[in-house]
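Chain naming here is simple, since letters A, B, ... match the order of the sequence lines and numbering starts at 1 in each.
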Number of protein chains: 2
Amino acid sequence: MDIKSAVLQLSSIAQEARLEIFRLLVQAGPEGLPAGSIGETLQIPASTLSFHLKELSHAGLIHSRQVSRFIYYSANYEAMNGLLAYLTENCCAGAKDCAPSSICKPK
Amino acid sequence: MDIKSAVLQLSSIAQEARLEIFRLLVQAGPEGLPAGSIGETLQIPASTLSFHLKELSHAGLIHSRQVSRFIYYSANYEAMNGLLAYLTENCCAGAKDCAPSSICKPK
DNA sequence: ACTGTATTTCTATATTTATGGAAATATAGC
DNA sequence: GCTATATTTCCATAAATATAGAAATACAGT
């Protein structure tokens with residue numbers, strides 16, 4: 001991963017509403033949740049939510065798929081894993097006792 | 001760690017210049033580097049650098065200490081470790097095979 | 001085709017963040 | 001106390017980001 005991708009992904013979760021959205025999707029598991037359900041749970045207006053979902057999608061941290069009239073969003077565990085690995089490597093550069101590169105797996 | 005602290009810390013490294021600064025300080029080890037040396041290495045004007053260092057300090061990801069006329073900045077490995085632990089927990093909520101909470105240690 | 005529901009795009013606005021020169025402050029050596 | 005160097009603060013400006021209503025689009029059922 002290059003630094004620009006890392007910054008893009010970090011930016012996408014460096015915002016309270018988006019970090020909450022991401023957490024919610026992680027908790028929701030691989031099936032994810034429809035946009036409306038996310039907005040209802042977190043009390044975010046539809047257009048604002050759409051903006052944030054686009055940011056997260058653009059950074060690659062979430063996926064979306066259409067299920068009839070609903071669009072389901074779900075956490076991209078691999079991408080988050082990659083970001084954590086990048087940060088771990090950067091945090092631990094030159095240090096001993098680092099975690100293995102594979103930190104997180106979807107259930 | 002609460003979500004606001006996580007967002008603050010993420011924001012502080014969700015910017016290319018600051019992530020570069022942080023990486024450099026991690027590589028430099030616990031002794032850290034004087035501000036001027038950071039600016040020279042990364043080609044960042046003094047006032048801009050000072051702004052970014054303040055952001056990182058405010059988020060708690062770096063320390064500073066005065067050594068004669070120089071101010072040495074160094075990575076706060078514990079804070080970074082805490083952030084990674086928070087993200088790992090949030091990434092892995094409900095998932096098996098998570099990394100241990102202690103991911104990164106200074107050399 | 002028409003209707004209702006889900007979501008996005010458009011648009012404007014407010015807010016925050018980044019940049020860097022100039023001036024101010026701090027420290028050390030003479 | 002003067003001078004040189006290191007760093008920060010002040011300031012203005014530019015650029016990016018966040019917010020949310022209104023309009024547009026997409027889909028499914030009738």
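- Mapping A/F51 and B/T48 onto DNA chain D by nearest heavy atom places B/T48 closer to the 5' end of the strand.
- Considering only the side chain of A/R18, D/dA18 comes nearest among D/dA18, D/dA20, D/dT8.
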Q: Check the pair A/L33 / A/Y73 against side chain to side chain contact (heavy atoms under 4.5 Å, CB included), numbers first and verdict last.
A: CA-CA 5 Å; A/L33 294 170; A/Y73 285 90; over 6 Å; no
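- Here the side chain of A/H52 is nearest to one of D/dT19, C/dA18, C/dT8, namely D/dT19.
- Residue B/Q66 contributes atom CD, which lies 7 Å from atom P of C/dA28 at whole-angstrom precision.
- The interatomic distance linking B/I38 (CD1) with D/dT8 (P) rounds to 9 Å, in whole Å.
- For the pair A/R69 and A/S50, both in contact range of DNA chain C, the more 5′-proximal nearest nucleotide belongs to A/R69.
- Straight-line distance from the CG atom of B/L49 to the C1' atom of D/dT7: 9 Å, rounded to whole Å.
- Put simply, CD on B/Q15 is 18 Å from P on C/dT16, counting in whole angstrom units.
- Between A/L19 and B/Y86, the closest side-chain pair of non-hydrogen atoms falls below 4.5 Å.
- Note on A/Y77 and A/L24: same hydrophobic cluster, where clusters join Ile, Leu, Val, Met, Phe, Trp and Tyr whose side-chain heavy atoms are under 4.5 Å apart, directly or indirectly.
- Nucleotide D/dT7 holds its P atom 8 Å from the OH atom of B/Y73, rounded to whole Å.
- Between the OH atom of B/Y72 and the P atom of C/dT27 there is a distance of 16 Å, given to the nearest Å.
- Heavy-atom distances to DNA chain D give each of B/G36 and A/V67 a nearest nucleotide, and the one nearer the 5′ end belongs to B/G36.
- Between the NZ atom of A/K54 and the P atom of C/dC10 there is a distance of 8 Å, rounded to whole Å.
- Here B/S68 lies in heavy-atom contact (under 4.0 Å) with sugar-phosphate atoms only.
- Among the nucleotides C/dT8, D/dA18, D/dT9, the one closest to any side-chain atom of A/E55 is D/dA18.
- For B/Q66, the CD atom counts as densely surrounded, since its 6.0 Å shell holds more than 12 non-hydrogen atoms of other residues, nucleotides or ligands.
- Taking only side-chain atoms of B/F70, from C-beta outward, the nucleotide of D/dT7, D/dA20, D/dT9 with the closest atom is D/dT7.
- If you check D/dG21, C/dG21, D/dT8 against the side chain of B/S47, the one that comes closest is C/dG21.
- The residue A/A46 sits close to a base: some heavy atom pair falls under 4.0 Å.
- Between D/dT8, C/dT8, D/dA18, one nucleotide has an atom nearer to the side chain of B/I71 than all others, and that is D/dT8.
- Rounded to an integer number of Å, the gap from B/E16 CD to D/dA15 P is 18 Å.
- Exactly one of B/T88, B/L10, B/N76 qualifies for a side-chain contact (heavy atoms from CB on, under 4.5 Å) with B/L83. That residue is B/L10.
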